[in-house]
Peer 1: 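Would you mind keeping the following structure in view while I ask a few things?
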Amino acid sequence: MTQPTPTTRQDRLLSVNIDDGHALPGSAPGSTIIPLFLDRENGVWVLYGKFEPGTRLPTHFHTGVVHFYTIKGEWHYLEYPDDVQKAGSYLFEPGGSVHTFCVPETASQAAEGFMVVFGANINFIDGEFVGIRDAGFIEDAILESARQAGLPIPRYIRPKGGAEFTRD
């Protein structure tokens, strides 16, 4: 077999570095995120998150799978207190799972990691629905946060796509 001809032209690699990004407010006090990849149409979002000691995210239901790799610190889900995620831990979360992210107040440092999320998080506080977070919601929130802070539009990978006809 001969080497295939590329069907997708690339002038440069699609690559971002978290050290070049601005940490923007996350979904809960004590959390920040750096967007890496946001695909509204396919419902995929990749973020680098930092969660200070005492941070607790809303309980959420995942409509798709999640991959989370912890780089620093430690955290756990309130529903699984014995399954502590530490630096070097890789976690797979199946679609349909429900849990509450928590960094203990006694943690010696912030927890940090990369998350690859397919679908949406449907969020609840005290059992009551509070909202949905998906790639589109996150992108809109990130752009608004950057605007309010006087920062440039963050650099992240966004597939071109766009719901449109291929020809008239």
Side-chain angles (χ1 to χ4, degrees), residues 1-28 31-51 57-73 75 77 83 85-99 101 110-124 129-168:
M1 178 175 176
T2 61
Q3 180 173 319
T5 302
T7 57
T8 303
R9 180 172 160 69
Q10 272 188 276
D11 295 324
R12 297 185 62 193
L13 290 178
L14 296 171
S15 174
V16 292
N17 187 309
I18 62 169
D19 293 332
D20 297 334
H22 295 284
L24 298 165
S27 63
S31 67
T32 58
I33 57 172
I34 297 173
L36 302 173
F37 177 92
L38 299 170
D39 184 346
R40 291 173 175 260
E41 291 180 19
N42 291 301
V44 180
W45 31 297
V46 181
L47 306 172
Y48 185 83
K50 182 175 182 180
F51 309 92
L57 301 181
T59 300
H60 53 277
F61 171 88
H62 285 284
T63 64
V65 301
V66 176
H67 303 271
F68 193 109
Y69 183 73
T70 303
I71 302 293
K72 295 180 184 176
W75 62 275
Y77 288 129
D83 293 327
Q85 302 299 300
K86 303 176 197 178
S89 295
Y90 162 75
L91 174 68
F92 173 78
E93 303 170 17
S97 59
V98 176
H99 38 248
F101 179 99
E112 298 183 34
F114 289 93
M115 62 193 86
V116 179
V117 182
F118 293 79
N121 285 4
I122 302 174
N123 295 318
F124 299 86
F129 172 78
V130 293
I132 298 173
R133 291 178 60 87
D134 63 6
F137 177 91
I138 291 168
E139 184 172 41
D140 291 345
I142 285 168
L143 295 174
E144 181 60 19
S145 290
R147 186 190 67 74
Q148 287 183 6
L151 296 171
I153 293 173
R155 184 170 189 254
Y156 54 91
I157 299 165
R158 183 171 194 253
K160 287 187 178 176
E164 62 185 23
F165 292 110
T166 56
R167 61 182 177 83
D168 289 326

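No experiment lies behind these values; they were computed from the predicted model shown. Side-chain atoms are counted along with the backbone in the values below, which use heavy atoms only and exclude waters and symmetry mates.
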Peer 1: Taking side-chain contact (heavy atoms from CB on, under 4.5 Å) as the definition, give me every residue that meets it alongside Y90, ordered by chain and number, with sequence neighbours left out.
Peer 2: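 If we apply the side-chain contact (heavy atoms from CB on, under 4.5 Å) test to Y90, skipping adjacent residues, the hits are H67, Y69, F92.
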
Peer 1: Stepwise, does the side-chain contact (heavy atoms from CB on, under 4.5 Å) test hold for W45 with I33?
Peer 2: CA-CA 12 Å; W45 31 297; I33 57 172; over 6 Å; no

Peer 1: With a 3.5 Å distance limit and no angle check, can you tell me whether Q85 reaches the backbone of D83 through a side-chain donor-acceptor pair?
Peer 2: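 Looks like yes, one N/O pair under 3.5 Å.
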
Peer 1: Could you check whether any side-chain heavy atom of L151 comes within less than 4.5 Å of a side-chain heavy atom of L24, counting everything from C-beta outward?
Peer 2: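 With C-beta onward as the side chain, the pair touches.
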
Peer 1: Do P35 and R158 have side chains that approach each other closer than 4.5 Å (heavy atoms only, starting at C-beta)?
Peer 2: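 Of all side-chain heavy-atom pairs linking R158 with P35, none is under 4.5 Å.
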
Peer 1: Counting C-beta onward and ignoring hydrogens, is there a side-chain heavy-atom pair between I142 and I153 closer than 4.5 Å?
Peer 2: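 The answer is no; the side chains never approach within 4.5 Å.
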
Peer 1: Are side-chain heavy atoms of F114 and V116 found at a separation under 4.5 Å?
Peer 2: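 Answer no - side chains too far apart.
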
Peer 1: Measure across G21 and I34 and return the closest heavy-atom pair with its distance rounded to 0.1 Å.
Peer 2: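 That closest heavy-atom pairing would be CA-CG2, 4.3 Å.
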
Peer 1: Grab the two heavy atoms, one from K50 and one from A110, that are nearest each other, plus how far apart they are.
Peer 2: CE-CB, 3.8 Å

Peer 1: Tell me whether the rings of Y77 and F101 are parallel (<30°), tilted (30 to 60°) or perpendicular (>60°).
Peer 2: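 Taking F101 first and then Y77, their aromatic rings stand perpendicular (interplane angle over 60°).
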
Peer 1: Rounded to the nearest 0.5 Å, what separates atom NE2 in H99 from atom CD in E93?
Peer 2: 3.5 Å

Peer 1: Looking only at heavy atoms, what is the nearest atom pair of A120 and D134, with distance?
Peer 2: CB-CB, 3.9 Å

Peer 1: Do L57 and W75 have side chains that get closer than 4.5 Å, going by heavy atoms?
Peer 2: no

Peer 1: With rounding to the nearest 0.5 Å, note down the distance linking CD1 in I71 to CD in E112.
Peer 2: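 Interatomic distance, I71 CD1 to E112 CD, rounded to 0.5 Å: 8.5 Å.
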
Peer 1: Just verifying a value: how many Å separate N17 CG and L36 CG, rounded to the nearest 0.5 Å?
Peer 2: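 The distance works out to 9.5 Å.
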
Peer 1: Find out whether F68 and S89 are in side-chain contact, i.e. whether some heavy atom of one side chain is under 4.5 Å from a heavy atom of the other.
Peer 2: no

Peer 1: Which heavy-atom pair separates H62 from V117 by the least distance, and what is that distance?
Peer 2: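 Answer, listing the atom of H62 first, then V117: ND1-CG1, 4.5 Å.
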
Peer 1: Drop me the distance from L47's CG to T32's OG1, to the nearest 0.5 angstrom.
Peer 2: 10.5 Å

Peer 1: Mind checking whether F118 and V44 have side chains closer than 4.5 Å, heavy atoms only?
Peer 2: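 In contact.
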
Peer 1: Atom CD1 in I132, atom NE2 in H60: separation rounded to 0.5 Å?
Peer 2: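 So the gap between those two atoms works out to 13.5 Å.
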
Peer 1: Got a second to check how far L38's CG is from I157's CD1, nearest 0.5 Å?
Peer 2: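 Separation between the atoms: 10.0 Å.
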
Peer 1: Would you say S27 and R133 make side-chain contact, with heavy atoms under 4.5 Å?
Peer 2: yes

